[in-house]
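What follows is a short report on a single structure.
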Amino acid sequence: MQKGSGRKWTLERDLDQLREHSKGEFDEHEVIRIVGKNPFLWHDHWPVKDYAKVFECLVLIDEIGQEADRVVSRIRAVGRETQSNSESMELDNNDSSSFQPLPYVAVHMRVEIDWMIHCKKLEQRLNTNQICSSKKEIMERVSNIKGLKTPSVVYLAVADKLLQNSSVLEGWEEGFLPYEKNKLGVDGIYKKYPYLIQSAIDYEVCLRADIFVGNSFSTFSTLIVLERTQKMITMGINMCGKDVRWPSYAYNIQQGESNGPMRWVTNMSHSTLQEISYGTNHIISC
């Protein structure tokens, strides 16, 4: 199914195409390969709740899924090493059931030069200061996440080649253990693939994180929060509970006096994808 031709899609055109592809060779397959640019970013008519269901039908191909597994496994291994070396950890060696793996925080750290140029212009045009965030602001807000225990492994999803310098690992508060691809020792995995496939691996790594922190004006971050929100809804999890599983935050929007990031869940009641496709600072917070 070819998408992304640039024409305006409507309910009628979608239905016509589905009818067209319900005949012949297409009808003999349970899996349909959808090709083209931005196949699922039609903002004109898909309700958010319907769009979110698409994610339940999408899976990574085995090759890319296995690469994401390797990265997540390495992050978890670092957590286990940190946990076992921590002097404050009290673990009964005779009772392995009491062992709780150290959670990891994934931060979509948008501080690359291309983003900073774009977001500064966007802030001027929209007359706001809630789009760009400096490295210092991101680190401070992550460290002020309420209830976040340390030590914590922090995976930084960042486009290394577009960084002006390599200081993203410096300046973190004690107890926060920042890692990016090179320090984690997984840069070889990413280098095998073009930029978009690298992003797909990072997307999966962020999606599986115990805590995700991103930028509400980034489509990458927004789609991760959408999928995490849909996952919680499907599993019947109270998204605004005290100890919610898989919480997400927007570091570009300050919350309260603690200078922590704002809790972030997708508003599934929107009638179109406009709110989640192009970024916003009007997000639902618990």
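Predicted, not measured: the structure shown is a model, and the values here were computed from it.
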Do [X] and [Y] have side-chain N/O donor and acceptor atoms under 3.5 Å apart?
| X | Y | result |
| --- | --- | --- |
| Glu227 | Tyr203 | yes |
| Ser133 | Asn252 | no |
| Ser218 | Arg110 | no |

With sequence neighbours left out, write down each residue that passes side chain to side chain donor-acceptor pair (under 3.5 Å) with Arg245, or none if nothing qualifies.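 Per chain and number, Arg245 pairs via side chain to side chain donor-acceptor pair (under 3.5 Å) with no residue.
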[X] and [Y] ion-paired at < 4.0 Å:
| X | Y | result |
| --- | --- | --- |
| Lys192 | Asp187 | no |
| Arg74 | Glu180 | no |
| Arg208 | Asp69 | yes |

Please tabulate, for side-chain N and O atoms in residues 117-124, each donor-acceptor pair with protein atoms closer than 3.5 Å (sequence neighbours left out).
residue, atom, partner, partner atom, Å
Glu123, OE2, Ile131, N, 3.1
Glu123, OE2, Cys132, N, 3.0

Check: [X] side chain, [Y] main-chain N or O, donor-acceptor pair, under 3.5 Å:
| X | Y | answer |
| --- | --- | --- |
| Arg141 | Tyr251 | yes |
| Ser221 | Asn215 | yes |
| Arg76 | Val71 | no |

Give every donor-acceptor pair under 3.5 Å between a side-chain atom in residues 144-154 and any protein atom, sequence neighbours left out.
residue, atom, partner, partner atom, Å
Asn144, ND2, Glu140, O, 3.1
Asn144, ND2, Ser258, O, 3.1
Ser152, OG, Lys149, O, 2.4

